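First the structure, in the form of structure tokens, and then the observations on it.
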Amino acid sequence: MEKKAMAIEKINAYMQKLKTMEKKFDPLPHFTLHKVLSQISPQFYIKDELTQIEKVNHILCQEANLPPISQSKEKRVEVVNDKKRRRPNNEDIIYDGERKVKSKSTIRKKPIIRKKETMLSPPPELPSHVNNMIKVLNGSDIKYIMCKELFKSDLNYYLNRLSMPITQIKFDFLTEIEKTTLETRDHEGKPIGIKVIVLDPCFNEFSLFLKKWNMKTTGIYNLHQDWTPILLKNNFKENQKLDIWSFRINEKLYLLLNDNETHKIEENRELKNSTGVSKKKEE
């Protein structure tokens, strides 16, 4: 019995010693970690420990003149939820830091302006003198290409080319083989052209190359090489308009430049001269 009593005394003394060795809970050394864990997983703490964490949080926020972390979080959640619920009006502006961002409803889409299809517009009447010349050359497959207004770049001897924007082309005048050739590029990436015969308003013949340049949104046909001799032969001016016609002789492509306004003026002069001569004869 005495041995049993002595053993119990030793066990009690050992337990008492363990109690004195236990460390008290101190939330300060790792306060941020304790604060986060207490909100996410409070089951890891006893009630007294949670109370100590809240007291330390309250003291720290008072010293920094800030609301308690738990309260600020609740307010932040309310603001976020409010933003989710509220739909901005047309005049609302949402502030993202210092940057102003207009709400999607205030962004107005620009109306899409569709260009009128030039392919549907009727071609002008083929002038009689042009038709007669094509008949003399035994030409066929006559097509109206476009009305070309001459710009400074078209009259520049150094550039040596006449540009024809594809968007202004009225009727398709090329064969499928010719289109494929115009899309082909050489080893330097430059377009390969097709040889054409060009007739100026006085029906002088010139040999040029027709090439296609692809731009970002559209393409341009250029009459390249030996365009300068045509400029030297004719007194073309800026803003002058030329009707461009195409026809074929034995499948060979011809382009004809017609200055319709100048020809009308010459016809009027001839009519005046003829009427003047007839009046003199009558007198």
Side-chain angles (χ1 to χ4, degrees), residues 118-151 154-155 157 159-184 191-213 219-237 239-271 273-274:
T118 56
M119 301 292 286
L120 299 177
S121 58
E125 184 179 354
L126 180 65
S128 58
H129 69 286
V130 174
N131 190 26
N132 294 334
M133 177 54 66
I134 294 174
K135 285 182 178 179
V136 170
L137 297 173
N138 293 323
S140 61
D141 194 18
I142 303 170
K143 292 182 179 179
Y144 178 68
I145 298 178
M146 66 180 297
C147 178
K148 169 62 183 175
E149 183 178 355
L150 298 177
F151 298 102
D154 299 313
L155 304 177
Y157 293 160
L159 295 177
N160 191 25
R161 57 110 180 98
L162 176 71
S163 65
M164 298 187 296
I166 293 178
T167 54
Q168 297 179 20
I169 300 295
K170 302 293 183 181
F171 292 92
D172 190 4
F173 63 99
L174 297 170
T175 64
E176 293 301 323
I177 296 174
E178 290 169 344
K179 291 177 184 178
T180 303
T181 304
L182 291 175
E183 293 292 344
T184 308
I192 295 176
I194 57 175
K195 196 171 183 180
V196 298
I197 302 299
V198 178
L199 303 181
D200 70 359
C202 296
F203 304 121
N204 299 306
E205 287 192 9
F206 300 87
S207 181
L208 283 81
F209 276 88
L210 180 68
K211 296 184 178 182
K212 181 184 178 183
W213 294 88
I220 295 178
Y221 291 134
N222 282 332
L223 282 173
H224 210 272
Q225 297 179 5
D226 294 335
W227 170 248
T228 300
I230 297 178
L231 294 178
L232 294 173
K233 199 80 174 178
N234 296 269
N235 188 25
F236 292 148
K237 296 180 181 180
N239 300 326
Q240 183 178 349
K241 294 182 179 180
L242 297 175
D243 286 330
I244 303 179
W245 298 81
S246 74
F247 62 95
R248 294 182 183 271
I249 300 176
N250 297 326
E251 303 299 327
K252 178 69 177 179
L253 180 61
Y254 282 68
L255 299 181
L256 189 147
L257 310 178
N258 178 50
D259 185 3
N260 208 17
E261 294 299 325
T262 303
H263 188 75
K264 285 180 179 178
I265 293 172
E266 291 178 354
E267 285 183 344
N268 291 332
R269 286 178 181 175
E270 290 177 358
L271 287 172
N273 292 332
S274 62

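What you are looking at is a predicted structure, and each value in this text was computed from that prediction instead of being measured.
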Side chains of Asp243 and Asn258 only: does a donor on one sit below 3.5 Å from an acceptor on the other? no

Any chance the side chains of Asn222 and Ser163 put a donor and an acceptor closer than 3.5 Å? no

Check this for me: Leu232, atom CG, are more than 12 non-hydrogen atoms of other residues, nucleotides or ligands nearer than 6.0 Å? yes

Are the ring centres of Tyr254 and Phe247 closer than 6.0 Å? yes

Just how far is it from atom [atom1] of [X] to atom [atom2] of [Y], taken to the nearest 0.5 Å?
{"X": "Asn234", "Y": "Asn204", "atom1": "CG", "atom2": "CG", "result": "7.0 Å"}
{"X": "Leu242", "Y": "Ile145", "atom1": "CG", "atom2": "CD1", "result": "12.0 Å"}
{"X": "Ile169", "Y": "Lys148", "atom1": "CD1", "atom2": "NZ", "result": "9.5 Å"}
{"X": "Cys147", "Y": "Lys241", "atom1": "SG", "atom2": "NZ", "result": "5.5 Å"}
{"X": "Leu208", "Y": "Leu162", "atom1": "CG", "atom2": "CG", "result": "9.0 Å"}
{"X": "Lys233", "Y": "Asn235", "atom1": "NZ", "atom2": "CG", "result": "13.5 Å"}

Who passes side-chain contact (heavy atoms from CB on, under 4.5 Å) against Leu126, sequence neighbours left out?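 Per chain and number, Leu126 pairs via side-chain contact (heavy atoms from CB on, under 4.5 Å) with Val130, Asn131, Ile142, Trp245.
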
Can Asp172 and Lys179 be said to form a salt bridge (Lys or Arg N to Asp or Glu O under 4.0 Å), step by step? CA-CA 10 Å; Asp172 190 4; Lys179 291 177 184 178; 2.6 Å; yes

Where do Ile166 and Trp213 land on the side-chain contact (heavy atoms from CB on, under 4.5 Å) test, with the steps shown first? CA-CA 10 Å; Ile166 293 178; Trp213 294 88; over 6 Å; no

Any non-hydrogen side-chain atom of [X] less than 4.5 Å from a side-chain atom of [Y]?
{"X": "Ile244", "Y": "Met164", "value": "yes"}
{"X": "Ile194", "Y": "Leu174", "value": "yes"}
{"X": "Lys143", "Y": "Ser246", "value": "yes"}

On a heavy-atom basis, which atom in Pro165 and which in Met146 lie closest, and how many Å separate them? CD-CE, 4.3 Å

Main-chain N/O of [Y] paired to [X] side chain as donor or acceptor, under 3.5 Å:
{"X": "Asn250", "Y": "Lys252", "result": "no"}
{"X": "Lys211", "Y": "Leu223", "result": "no"}
{"X": "Thr228", "Y": "Asn160", "result": "no"}
{"X": "Asp154", "Y": "Phe151", "result": "yes"}

Once the angle between the rings of Phe236 and Trp227 is folded into 0 to 90°, is it parallel (under 30°), tilted (30 to 60°) or perpendicular (over 60°)?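 Plane angle under 30°, so parallel.
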
Partner of Leu199 under side-chain contact (heavy atoms from CB on, under 4.5 Å), chosen from Leu137, Ile134, Leu257: Leu137

After noting the C-alpha distance and the side-chain angles of Leu253 and Phe173, does the key distance pass the side-chain contact (heavy atoms from CB on, under 4.5 Å) rule? CA-CA 9 Å; Leu253 180 61; Phe173 63 99; 4.3 Å; yes

Check this for me, if you would: do Arg248 and Glu178 make a salt bridge, where the nitrogen-to-carboxylate-oxygen distance has to be below 4.0 angstrom? yes

Criterion side-chain contact (heavy atoms from CB on, under 4.5 Å) on Thr175 and Glu251, from CA distance to verdict: CA-CA 10 Å; Thr175 64; Glu251 303 299 327; 5.6 Å; no

Please step through side-chain contact (heavy atoms from CB on, under 4.5 Å) for the pair Asp226 and Phe206, ending with a clear verdict. CA-CA 8 Å; Asp226 294 335; Phe206 300 87; 5.7 Å; no

